[in-house]
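Notes follow once the structure below has been shown.
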Amino acid sequence: MFEIAHKVQDESRQGEAFTPAMTPDKQFKRLFYIESYGCSMNFSDSEIVASILFDEGFGATRHLQEADLILLNTCSIREKAEQTIRKRLTEFRKLKHQKPSLLIGVLGCMAERLKSKFLEEEKLVDLVVGPDAYRSLPGLIVDVNDGQKGINVLLSREETYADISPVRLNTNGITAFVSIMRGCNNMCSFCVVPFTRGRERSRDPESIIKECRDLFNAGYKEVTLLGQNVDSYYYSQATGTSVPQGGIFHTQPSLSGITLINNDTSKSKVGVPYNSSPEADRCAVTFASLLEMVALISPQLRIRFSTSHPKDITDEVLFTMAKYDNICKYIHLPLQSGSNRVLQLMNRSYTREWYMSKVNRIREVMPVCGISADIIAGFCTETEQDHQETLRLMEYSKYDMSYMFFYSERPGTLAHRRYKDDIPEVTKKRRLQEIVDLQNKLSQQSNKEDLGKTFIVLIEGDSKKSNGDWMGRTSHNKVIVFPKGLNSLEPGSYVEVKVNHCTQATLLGEIV
Ligand code: SAM
Ligand code: SF4
């Protein structure tokens with residue numbers, strides 16, 4: 001399997017059964033079992049689903065046998081992700097036979113993409129619920145119990161689940177995801193996300209700050225702000241609008257609210273041709289101002305974000321990152337391809353030269369900043385020369401790590417409609433392997449450059465290999481393992497660690 005070395009998802013978490021860290025002190029009449037697949041957004045959505053089901057009197061279980069409701073939160077990004085779900089569903093057949101009252105539901109992107117076709121194709125499935133329809137789950141469960149099939153795949157222009165407090169599932173109590181926006185307006189030609197997750201909308205900043213503050217007060221030390229394209233976050237306090245109306249406006253964040261200090265339209269956002277509405281923009285919160293507001297909650301709370309579209313990551317965001325020590329110095333900057341011709345076919349709206357200048361700018365503003373990328377091998381018409389340009393751009397950018405894929409045609413996307421998926425699988429896989437090999441070399445080099453340096457590390461828990469060692473992360477997102485020693489540290493502690501050795505994936509150090 002070629003997507004093994006570095007993937008967009010943490011493969012060890014794919015299909016993970018989710019239960020909350022603490023079961024509320026309540027007797028549940030019914031139990032649900034949920035597995036999540038795909039990106040962090042899906043894992044975060046499962047926590048919203050859990051919250052909705054808890055309110056309906058459902059408790060969570062990790063054991064399939066005792067579940068009354070089995071949910072799969074699915075991903076459609078590549079064909080293989082969908083095949084995994086189909087296969088998993090067949091494994092529930094016996095359970096359903098043993099317990100006919102058992103309900104099986106499919107949530108998320110695959111539900112949205114296939115809609116009622118799913119119910120026709122997979123007779124076992126009772127519920128099909130798209131990413132914007134989770135609030136209707138309780139009603140749909142009633143419908144199914146009344147003998148109907150339950151389906152809601154309506155996409156929304158407003159839904160952000162802002163008022164729902166996610167029930168943290170499988171948490172380490174230290175790091176948490178906080179969703180700040182949903183959907184995507186970008187229409188990259190290879191991507192199914194705009195069709196499965198709908199139009200972009202941003203969540204009310206007050207609810208984001210409240211969620212982050214509550215997490216910090218509960219002992220969490222790191223939040224990752226999530227969205228398909230976080231840098232285009234935009235919320236107008238005046239109108240409650242969650243899509244951009246004008247240029248970038250500078251707001252003075254404060255914990256009590258948001259005060260305007262400057263409305264410099266000269267710093268307008270790259271490629272955001274929205275109609276200006278002065279009233280809406282005067283009180284607008286951009287991604288940079290949101291970052292600042294979260295950073296001000298406490299210097300002890302680290303902030304990460306994912307994922308950025310290179311075209312939207314502004315100087316304002318970079319300067320805000322540089323200004324606050326607790327905003328982690330790490331940017332995921334998906335490349336996709338290093339060839340201008342392919343980038344144009346992909347509808348990525350930047351060139352390799354523009355992307356290189358963005359990498360330069362990041363390093364200029366933040367000399368120590370981790371950079372990672374997403375790369376697709378074998379997109380339609382990709383030549384050996386295009387592929388070489390991708391490899392050269394990887395070398396130029398010196399990524400610390402990458403998520404690498406071969407192109408998988410998705411029905412309904414622009415690429416599916418316009419271009420032929422003409423690169424033979426064997427070529428796609430060979431090119432992907434070359435990309436993976438180069439990334440392994442770059443990761444090793446990047447780690448070697450950290451030898452002898454000391455970093456502030458947030459301890460996340462025991463290392464996987466030994467409970468005599470801690471595992472934590474540096475600000476620039478490198479995993480570091482070090483002996484616990486005699487210190488009275490615990491998960492959530494910050495500690496200075498000197499790097500003595502490294503592997504391709506991990507730094508090894510000691511407390512100083
Ligand atoms: N919004 C992010 C961005 O624009 O960079 C990416 C989100 S997408 C869920 C994650 C990654 O999956 C993409 O960056 C891309 O590399 C990969 N991907 C998306 N569609 C794909 C496809 N049809 N085949 C292979 N990889 C794909
Ligand atoms: Fe897909 Fe492009 Fe949107 Fe990312 S920015 S989710 S790749 S359409």
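Atoms within a ligand are numbered from 1 in the order they appear, just like the ligands themselves. Atoms considered below: every heavy atom in the structure, side chains included; atoms not considered: hydrogens, waters and symmetry mates.
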Within reach of ligand 1, part of [X] (heavy-atom separation under 4.0 Å):
X    : answer
Q228 : both
R348 : side chain
F190 : both
I77  : both
Q336 : side chain

Charged N-O contact under 4.0 Å between [X] and [Y]:
X    : Y    : result
R168 : E47  : yes
R157 : D132 : no
R473 : E460 : yes
K210 : E206 : no
R197 : E112 : no
E395 : R392 : yes

Side-chain donor-acceptor contact under 3.5 Å, E384 with Q388: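 Judged by distance alone, the side chains do not pair up.
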
Worked verdict on T381 versus K420 for side chain to side chain donor-acceptor pair (under 3.5 Å): CA-CA 8 Å; T381 78; K420 193 158 170 257; over 6 Å; no

Which residue supplies the protein heavy atom nearest to [atom], what is that atom called, and how far is it?
atom                    : value
atom 8 (S) of ligand 2  : C188 N, 3.4 Å
atom 5 (S) of ligand 2  : N186 ND2, 3.3 Å
atom 3 (Fe) of ligand 2 : C184 SG, 2.3 Å
atom 1 (Fe) of ligand 2 : C191 SG, 2.3 Å

Quiz item: cation-pi between R302 and Y324, 6.0 Å / 45°: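 No - R302 does not lie over the ring of Y324 by the 6.0 Å and 45° rule.
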
R431 to F406, cation-pi by 6.0 Å centre distance and 45° axis angle: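 No, cation not above the ring by the 6.0 Å, 45° rule.
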
Option whose closest heavy atom lies nearest to atom 2 (C) of ligand 1, chosen from T307, L432, V230: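 Heavy atom nearest to atom 2 (C) of ligand 1 belongs to T307.
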
The one among P334, S76, S308 that brings a heavy atom closest to atom 5 (O) of ligand 1: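 Minimum heavy-atom distance to atom 5 (O) of ligand 1 goes to P334.
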
Element-labelled atoms of ligand 2 that are located less than 4.0 Å from some non-hydrogen atom of P194: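 Contacts of ligand 2 toward P194, numbered from 1: 8 (S).
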
Numbered atoms of ligand 2 (with element) below 4.0 Å of R348, judged on heavy atoms: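 Checking each atom against R348, I get 2 (Fe), 7 (S).
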
Backbone or side-chain N or O of R78 under 3.5 Å from ligand 1 N or O: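 Yes, there is a polar N/O contact under 3.5 Å.
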
S408-ligand 1 polar pair, N/O distance under 3.5 Å: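 Between S408 and ligand 1, an N or O pair is found under 3.5 Å apart.
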
Residue H309, metal atom 2 (Fe) of ligand 2, N/O/S under 2.8 Å: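 No - counting backbone and side chain alike, H309 has no N, O or S atom under 2.8 Å.
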
Close approach, I376 and ligand 1, non-hydrogen under 4.0 angstrom: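 The answer is yes: ligand 1 sits under 4.0 Å from a heavy atom of I376.
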
Ring centre gap for Y330 and F305 strictly below 6.0 Å: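 For Y330 and F305, the ring centres are not under 6.0 Å apart.
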
Interfacing atoms of ligand 1 (cut-off 4.0 Å, heavy-atom, R410):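 By the 4.0 Å cutoff, the relevant atoms are 23 (N).
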
